[in-house]
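Down below is the structure, laid out as structure tokens.
Protein chains get the first letters and strands the later ones, always in sequence-line order, with residue 1 at the start of each. Computed from heavy atoms alone, side chains included, the values below leave out hydrogens, waters and symmetry copies.
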There are 2 protein chains.
Amino acid sequence: MLDHTDLKIIQELTHNSRMTMKELGDKVHLTGQAAATRVAKLEEQGVVEGYTVKVNKKKIGYAVHAFITVMTQSTSHHPYLNFVETQTKHVENHYKISGEGCYMLECRFVSHEQLDQFLVDLNRHANYKLSIVINHQSK
Amino acid sequence: MLDHTDLKIIQELTHNSRMTMKELGDKVHLTGQAAATRVAKLEEQGVVEGYTVKVNKKKIGYAVHAFITVMTQSTSHHPYLNFVETQTKHVENHYKISGEGCYMLECRFVSHEQLDQFLVDLNRHANYKLSIVINHQSK
DNA sequence: GTTTTTACTTGATTTATGAAAGGATAGAAT
DNA sequence: ATTCTATCCTTTCATAAATCAAGTAAAAAC
């Protein structure tokens with residue numbers, strides 16, 4: 001289904017999704033047209049879900065990066081889930097997890113004050129453990 | 001420094017970083033050239049750090065997604081940090097955190113067996129708590 | 001062994017990009 | 001008020017890339 005060339009294409013686009021199909025073709029030893037056809041196929045298959053940009057969040061004012069492990073005490077998760085729905089401004093990722101806690105939130109905030117307010121609001125629906133990111137490296 | 005148009009540009013590129021500068025210009029009411037100039041400036045400023053692709057990891061064989069909170073018992077973190085360096089294949093993100101634990105790893109594995117082996121290796125340097133992702137939604 | 005499918009290339013046309021030049025606007029100095 | 005300057009934008013045009021339509025070749029199906 002996916003051959004070596006497809007994986008190479010994914011790898012190249014991961015490093016720079018704005019490269020031209022001609023450039024991509026050169027990297028994987030295909031013409032630009034052939035590369036474009038492969039990419040279109042990867043999109044159809046749902047392997048490639050979209051293209052995005054890596055933004056330096058600090059530089060756009062979001063200095064605080066936090067992971068919040070959520071322990072819902074009530075039998076129904078709905079109040080909590082509804083709350084999360086209202087917080088799209090801060091919630092970057094929402095994971096349902098096994099292990100300690102039921103959910104984990106990856107969030108961004110302008111300030112600790114904003115984080116504090118979020119935690120106050122969150123605590124009306126669930127208990128939590130907070131981990132603030134001091135430093136980060138991605139591969 | 002960053003005006004409303006810049007933020008709109010970042011938003012648009014976040015949703016689709018492969019759109020042409022002409023399209024982007026249309027979205028933010030500029031010519032393609034003006035949009036391209038702004039994007040170039042955002043790159044120079046380090047606000048835009050790069051362009052990447054959203055890949056469905058399951059479809060390329062990485063079925064297991066886990067967060068691992070790491071508690072290093074030894075006074076020196078170096079053995080652990082050196083270990084992490086060797087695991088770039090699995091470690092997608094490495095966070096230094098405050099809160100419970102010293103570090104948090106976001107990892108991908110083909111199988112639970114592979115995860116198990118990773119944990120065995122990790123445990124030679126540090127203790128950990130495991131959270132496996134059951135479901136995920138990003139904004 | 002022929003047909004069909006798949007993956008690629010080539011060539012022509014449309015479209016986007018990048019560079020250079022010019023125009024509008026706002027703020028500061030005179 | 002006027003001029004200077006800087007910034008940001010648009011327009012124009014040459015170049016490069018993307019797209020579309022055939023056409024080819026090799027592998028797979030029958």
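Rounded to whole Å, atom P of dC8(D) lies 12 Å from atom CD1 of Ile9(B). Between the CG atom of Leu24(B) and the P atom of dC9(D) there is a distance of 12 Å, rounded to whole Å. Distance, Lys27(A) NZ to dA17(D) P: 14 Å, rounded to whole Å.
Residue-environment remark: NZ (Lys22(A)) stays at or below the threshold of 12 foreign heavy atoms within 6.0 Å. Other residues, nucleotides and ligands contribute at most 12 non-hydrogen atoms within 6.0 Å of the NE2 atom of His78(B). In Lys96(B), the NZ atom is not crowded: 12 or fewer heavy atoms of neighbouring residues, nucleotides or ligands sit closer than 6.0 Å.
Listed by chain and number, the residues in a salt bridge (charged side-chain N to carboxylate O under 4.0 Å, His left out) with Glu100(A) are Lys129(A), Lys129(B) (sequence neighbours excluded).
When the local axes at the two ends of the helix from dG1(C)-dC30(D) to dT30(C)-dA1(D) are compared, using 5 base pairs at each end, they differ in direction by 30° after rounding to 10°.
Rounding to the nearest 0.5 Å places CG of Leu42(A) at 8.0 Å from CZ of Arg38(A).
Side-chain contact, Gln117(B) with Asp121(B): a donor N or O sits under 3.5 Å from an acceptor N or O.
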Problem set entry | side chain to side chain donor-acceptor pair (under 3.5 Å) between Gln114(A) and Tyr62(A), intermediate numbers included | CA-CA 10 Å; Gln114(A) 208 177 62; Tyr62(A) 283 83; 5.6 Å; no
For this session: Please assess His77(B) against Tyr103(B) for the test side chain to side chain donor-acceptor pair (under 3.5 Å), listing each intermediate value before the final yes or no.
Result: CA-CA 10 Å; His77(B) 292 182; Tyr103(B) 299 97; 2.8 Å; yes
Seminar exercise, completed: B/S/- along nucleotides 6-19 of chain C (protein heavy atoms under 4.0 Å) is -SSSBB----SSBB
